[in-house]
Amino acid sequence: MRRAIVSDIHGNLEALKAVLADIQSQNCEQIICLGDIVGYGPEPQACIDAVREFDATILGNHDLAALFDPEGFSNAAEQAIMWTRQQIEAGDSPEACYRRLQFLAHLPRTRREGSLMFVHGSVRNPVNEYVFPEDVYNRRKMEKLFSMVQRICFQGHTHVPGVFTPDMTFLRPEDLDHRYRTGDEKIMVNVGSVGQPRDGDWRSCYAIFDDPWLEFRRVEYPLDTTIQAIYDIPELDNFLGDRLREGR
């Protein structure tokens, strides 16, 4: 099974369209989304509609916040998710609104395929826990997480792609020439972000897993189109557009 694994689209339709075109060129048989379809970006409705066609999607913390109340969000993030909720609830028709809300409401927190686990945050706290690169220095946390991983856990949430290994190492895609051969050793894989990368590279990032090979892919998209769309919406802080250009 050749799987494309995407995460953290965050309402960035231009980025999603570019990534889907790249996925099609790579002959993937399955698309899995690790959550945060919405939040921050200007096209929540269209992104939900696109993701509904995927083979599997996991619940992200922004997806959850769009249904209920945001917890621990910055002012800009909270303002954006409240606007996002309004867009979803308004919809282009009552039927479309219902379909989108039902889709978000029924997203699972985890997905398991044999020894593979798919989550948004972490294997311990699938929706909300961050696993940052610097957590390799937190041995107690990492040992606990790895004790819960059967073989590979795919995750997102931090928007920083890379591979965590049990010897407390974080390998960035650049360290691996963007390819990694998996084996019996447990690993945790952050697939990066489609709609808002935060590793200093503005290009969208996703991963392809064709066991045993893992590949990180970077995809250019019309960045300025998304930035201008954010600028044009008063409820979205211009900062949410500016940070896209910096990849932060």
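- Minimum interatomic distance between Cys47 and Asn12 (heavy atoms only, all atoms of both residues): SG-N, 3.8 Å.
- Contact annotation: the side chain of Arg2 never approaches that of Phe209 to less than 4.5 Å [non-hydrogen atoms, C-beta and beyond].
- Here the closest heavy-atom approach between residue His62 and residue Gly39 is recorded as ND1-CA, 3.8 Å.
- Checking side-chain atoms of Thr182 against main-chain N and O of Pro212 turns up a donor-acceptor pair under 3.5 Å.
- We find the CE-SG distance between Met1 and Cys28 to be 11.0 Å, quoted to the nearest 0.5 Å.
- Closest non-hydrogen pair, Asp8 versus Gly192, comes out as OD2-O, 4.2 Å.
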*Is there a side-chain contact (heavy atoms from CB on, under 4.5 Å) between Thr110 and Met117 once you walk through the steps?*
CA-CA 7 Å; Thr110 64; Met117 176 69 84; 4.0 Å; yes
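- Partner Ile37 forms a side chain to side chain contact (heavy atoms under 4.5 Å, CB included) with one of Ile58, Thr57, Thr84 and no other, that one being Thr57.
- Counting non-hydrogen atoms of neighbouring residues, nucleotides and ligands closer than 6.0 angstrom, the CG atom of Asp184 reaches no more than 12 such neighbours.
- In the hydrophobic clustering of this structure, Leu59 groups with Phe54; members are Ile, Leu, Val, Met, Phe, Trp, Tyr whose side-chain heavy atoms approach within less than 4.5 Å, directly or through other members.
- Within 6.0 Å of CD in Gln24 there are 12 or fewer heavy atoms belonging to other residues, nucleotides or ligands.
- Linking Ile, Leu, Val, Met, Phe, Trp and Tyr whenever their side-chain heavy atoms come within less than 4.5 Å puts Ile81 and Val51 in one cluster.
- Residue pairs meeting the salt bridge (charged side-chain N to carboxylate O under 4.0 Å, His left out) criterion with at least one member in residues 13-33, sequence neighbours excluded, are Glu14-Lys17, Asp22-Arg217.
- Contact check for Gln102 versus His106: side-chain heavy atoms found under the 4.5 Å cut-off.
- Residues Thr165 and Glu185 meet the side-chain proximity criterion, which asks for heavy atoms closer than 4.5 Å.
- One hydrophobic cluster, built from ILVMFWY side chains closer than 4.5 Å, holds both Leu20 and Phe103.
- Here Asp175 contributes atom CG and His178 contributes atom NE2; the two are 9.5 Å apart, rounded to the nearest 0.5 Å.
- Rounding to the nearest 0.5 angstrom, the gap separating the CZ atom in Arg198 from the OG1 atom in Thr158 is 8.5 Å.
- Leu223 and Ile233 fall within the same hydrophobic cluster, where Ile, Leu, Val, Met, Phe, Trp and Tyr residues are linked whenever their side-chain heavy atoms come under 4.5 Å apart, directly or through other members.
- Environment of CD in Glu71: sparse, with no more than 12 heavy atoms of neighbouring residues, nucleotides or ligands closer than 6.0 Å.
- With salt bridges taken as basic N to acidic carboxylate O contacts below 4.0 Å, one links Asp49 and Arg100.
- Contact between Pro44 and Gly41 at its shortest, heavy atoms only, is CD-O, 4.0 Å.
- Atom CG of Asp167 is surrounded by more than 12 heavy atoms from other residues, nucleotides or ligands within 6.0 Å.
- One N or O on the side chain of Gln45 and one on the backbone of Gln87 form a donor-acceptor pair closer than 3.5 Å.
- Expressed to the nearest 0.5 Å, how far CH2 of Trp83 lies from CD of Gln79 amounts to 11.0 Å.
- At least one side-chain heavy atom of Phe164 sits under 4.5 Å from a side-chain heavy atom of Val131.
- Looking only at distances, no side-chain donor or acceptor of Lys186 sits under 3.5 Å from a matching main-chain atom of Arg151.
- When the side chains of ILVMFWY residues are joined at heavy-atom separations under 4.5 Å, either directly or via intervening members, Ile227 and Leu240 end up in a single hydrophobic cluster.
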*Taking it one step at a time, do Arg3 and Glu113 satisfy salt bridge (charged side-chain N to carboxylate O under 4.0 Å, His left out)?*
CA-CA 12 Å; Arg3 300 174 175 87; Glu113 295 182 14; 2.5 Å; yes
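- In this structure, Ser147 and Arg124 have side chains that are not in contact, with every pair of non-hydrogen atoms separated by 4.5 Å or more.
- Taking the side chain as every heavy atom from C-beta outward, Tyr206 and Val191 never approach each other to under 4.5 Å.
- Asn125 places no side-chain N or O within donor-acceptor distance of the main-chain N or O of Ser122, the cut-off being under 3.5 Å.
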*asked:* For Glu95 and Tyr98: C-alpha separation, side-chain torsions, deciding distance, then whether side-chain contact (heavy atoms from CB on, under 4.5 Å) applies.
replied: CA-CA 5 Å; Glu95 294 78 13; Tyr98 178 79; 5.7 Å; no
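- Here the closest heavy-atom approach between residue Cys33 and residue Ile9 is recorded as SG-CD1, 4.0 Å.
- Under the 4.5 Å side-chain criterion, counting only non-hydrogen atoms from C-beta, His159 is not in contact with Asp199.
- The side-chain hydrogen bond (donor to acceptor under 3.5 Å, both in side chains) search around Ser204 returns none, not counting sequence neighbours.
- Proximity of a side-chain donor or acceptor of His10 to a complementary backbone N or O of Tyr40 within less than 3.5 Å is not detected.
- Using a 4.5 Å cut-off on side-chain heavy atoms (C-beta onward), Tyr221 and Thr226 make contact.
- For CZ of Arg109, the number of neighbouring non-hydrogen atoms (other residues, nucleotides, ligands) closer than 6.0 Å is 12 at most.
- With hydrogens and angles left out, the side-chain atoms of Asp36 and Ser7 include no donor and acceptor closer than 3.5 Å.
- Atom-to-atom distance recorded for Ile88:CD1 and Ile48:CD1 is 3.5 Å, nearest 0.5 angstrom.
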*Check the pair Gln155, Glu129 against side-chain contact (heavy atoms from CB on, under 4.5 Å), reporting the backbone distance first and the verdict last.*
CA-CA 10 Å; Gln155 55 207 46; Glu129 184 175 28; over 6 Å; no
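- Here the closest heavy-atom approach between residue His120 and residue Val127 is recorded as CD2-O, 3.4 Å.
- Ion pair Arg181/Asp211 not flagged as a salt bridge, since none of the NZ, NE, NH1 or NH2 atoms sits closer than 4.0 Å to an Asp/Glu carboxylate oxygen.
- In this structure, the separation between CD1 on Ile32 and CG on Asp55 is 7.0 Å, given to the nearest 0.5 Å.
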_With side-chain contact (heavy atoms from CB on, under 4.5 Å) as the criterion, how do Arg179 and Phe216 come out once you've worked through the C-alpha distance, each side chain's angles and the decisive distance to 0.1 Å?_
CA-CA 7 Å; Arg179 283 174 62 83; Phe216 292 94; over 6 Å; no
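- Listed by first then second residue, pairs satisfying salt bridge (charged side-chain N to carboxylate O under 4.0 Å, His left out) with a partner in residues 239-248 read Asp224-Arg245, not counting sequence neighbours.
- Listed for the Asp135 side chain is no donor-acceptor partner under 3.5 Å among the backbone atoms of Asn138.
- Using a 4.0 Å cut-off between charged nitrogen and carboxylate oxygen, Asp201 and Arg203 count as a salt-bridge pair.
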